[in-house]
Amino acid sequence: MRAPSLRIGGRKPFRAPRLAVAALAGVAVTLACPAVAAAHVSATPDTIAPGEPATIAFRVPNERDDAAVVRLEVLFPAQPAITSATPGNLPGWKIGVREQMTAAGGGDGMAGKPVASIVWEGGAVPTGTFQEFPVRIGALPAAGTLTFQALQTYSDGQVVRWADPAPPGEPEPEHPAPVVTVAAAVVAEASDVDGPARALGGAALGVAIVAVGAAWLRRRSGGSRPEVVGETRERENVQL
């Protein structure tokens, strides 16, 4: 004989509706998607101005829960070439700057020769964290796009290559390359509002000059007016 089920207060045991459980699971997946999508190597800021030095930080997250990031190599674009790149000091990381192969040969990659790559190794980016690797680059003369490649190495030997191009208007690839845009120089031009304002200002100045000149002429003509003898005598009689 099967024993009766226990009831509290005469009510059936509470069971969460299946629809509610499914809804909560959907919300959890939605909240997790942005974190997964953002777990890639990126460069900040994404836009810099031409003609001025800038600091680019390569942000490296650790999206694994069983290994640490122990090495990063950032490959620089061949065109436009970057001839000045100074990495920031990061405690615990060894830094090496490599230059592109040129006819001149030799150099440290930071003295007017194109930079091929920068390597950080010896440190660690633990699980659930990220690390920024800053690089100070020299002024770039013209607008364009800087497309880098990043090689992310884990403590178990896995290497993730972030080098896939991301054409505008297309879905983001699985391993997009870090990209920085060099914006076009802003040329100061007179706006449509400045033209009428300047014209009105010039007209007002002209009217003011004419008014001052007219007043000066009236004062001068009034002060040099000759008196008539008859008028002088009439004034004297009136005063008497």
Side-chain angles (χ1 to χ4, degrees), residues 34 36-63 69 71-90 93-121 123 125 130-153 159-192 194:
V36 174
H40 58 74
V41 176
S42 60
T44 57
D46 56 5
T47 303
I48 60 177
E52 298 180 2
T55 298
I56 300 175
F58 296 94
R59 180 172 295 181
V60 180
N62 185 347
E63 67 273 18
V69 178
R71 188 179 188 272
L72 174 69
E73 181 176 6
V74 175
L75 306 178
F76 281 57
Q79 293 295 332
I82 298 176
T83 58
S84 175
T86 306
N89 181 37
L90 290 179
W93 293 87
K94 297 179 181 179
I95 305 173
V97 180
R98 301 174 180 176
E99 67 176 23
Q100 296 180 13
M101 297 299 295
T102 60
D108 59 3
M110 294 185 290
K113 297 179 181 179
V115 178
S117 68
I118 298 180
V119 177
W120 293 265
E121 56 188 347
V125 181
F130 70 88
Q131 176 70 56
E132 289 189 343
F133 298 82
V135 179
R136 182 74 169 174
I137 66 171
L140 295 176
T145 301
L146 301 176
T147 302
F148 301 89
Q149 296 182 24
L151 305 181
Q152 181 182 18
T153 303
V159 178
V160 181
R161 188 182 186 93
W162 302 91
D164 296 340
E170 297 186 8
E172 186 178 71
E174 184 178 1
H175 298 97
V179 175
V180 175
T181 300
V182 183
V186 178
V187 179
E189 296 181 356
S191 63
D192 296 337
D194 292 340

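In this chain, numbering begins with 1 at the start of the sequence shown.
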J.: Which heavy atom of P50 sits nearest to which heavy atom of A184, and what is that distance?
T.: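 Scanning both residues, the minimum pair turns out to be CG-C, 4.4 Å.
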J.: I'd like to know if K94 pairs up with E121 as an ion pair, taking the criterion as any Lys NZ or Arg NE/NH1/NH2 lying under 4.0 Å from an Asp or Glu carboxylate oxygen.
T.: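 Here K94 does not pair with E121 in a salt bridge, since their nearest N and O are not under 4.0 Å apart.
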J.: Determine whether V74 and F133 satisfy the following criterion, side chain to side chain contact (heavy atoms under 4.5 Å, CB included), listing intermediate values before the conclusion.
T.: CA-CA 10 Å; V74 175; F133 298 82; over 6 Å; no
J.: If every non-hydrogen atom of P173 is compared with every non-hydrogen atom of P165, which pair is closest and at what distance?
T.: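 That would be CG-O, 3.4 Å.
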J.: Could you walk me through whether E73 and V159 pass the side chain to side chain contact (heavy atoms under 4.5 Å, CB included) check?
T.: CA-CA 10 Å; E73 181 176 6; V159 178; over 6 Å; no
J.: Shortest non-hydrogen contact from W120 to P87?
T.: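 Where W120 meets P87 most closely, the heavy atoms are CZ2-CB, 4.1 Å.
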J.: Could you walk me through whether Q131 and V69 satisfy the side chain to side chain contact (heavy atoms under 4.5 Å, CB included) test, starting with their C-alpha distance in whole Å, then the side-chain angles of each, then the deciding distance to 0.1 Å, before giving a yes or no?
T.: CA-CA 9 Å; Q131 176 70 56; V69 178; over 6 Å; no
J.: Where do Q152 and P61 come nearest, in terms of heavy atoms and distance?
T.: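 Smallest heavy-atom distance, with atoms named: NE2-O, 2.9 Å.
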J.: Can you tell me which residue among I56, T55, V180 is in a side chain to side chain contact (heavy atoms under 4.5 Å, CB included) with I137?
T.: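 The residue from I56, T55, V180 that satisfies side chain to side chain contact (heavy atoms under 4.5 Å, CB included) with I137 turns out to be I56.
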J.: Is there a side chain to side chain contact (heavy atoms under 4.5 Å, CB included) between V115 and V135 once you walk through the steps?
T.: CA-CA 12 Å; V115 178; V135 179; over 6 Å; no
J.: How long is the gap from CD1 on I82 to CD on E99, to the nearest 0.5 Å?
T.: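 That separation rounds to 14.5 Å.
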J.: Out of curiosity, Q100 CD to L75 CG, how far, rounded to the nearest 0.5 Å?
T.: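 If we round to the nearest 0.5 Å, Q100:CD and L75:CG are 10.5 Å apart.
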J.: Rounded to the nearest 0.5 Å, how far does CG of L146 lie from CD of Q79?
T.: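 The CG atom of L146 is 11.0 Å from CD of Q79, to the nearest 0.5 Å.
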J.: Taking the six-membered ring for Trp, are H175 and W162 parallel (under 30°), tilted (30 to 60°) or perpendicular (over 60°)?
T.: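 Perpendicular, since the angle between the ring planes exceeds 60°.
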J.: How close do V182 and A142 get, heavy atom to heavy atom, and via which atoms?
T.: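 Scanning both residues, the minimum pair turns out to be CG1-O, 3.4 Å.
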J.: First locate atom CG of L72, then atom CD1 of I95, and finally report the distance between them rounded to the nearest 0.5 Å.
T.: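 Rounded to the nearest 0.5 Å, the CG-CD1 separation comes out at 10.5 Å.
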J.: So how far is it from F130 CZ to E63 CD, rounded to the nearest 0.5 Å?
T.: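 That separation rounds to 13.5 Å.
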J.: In Å, rounded to the nearest 0.5 Å, how long is the span from CG of L140 to OG of S84?
T.: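 Rounded to the nearest 0.5 Å, the CG-OG separation comes to 9.5 Å.
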J.: Name the orientation class of the two ring planes belonging to F148 and F76 (parallel below 30°, tilted from 30 to 60°, perpendicular beyond 60°).
T.: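 Judged by the thresholds at 30° and 60°, the geometry between F148 and F76 is perpendicular.
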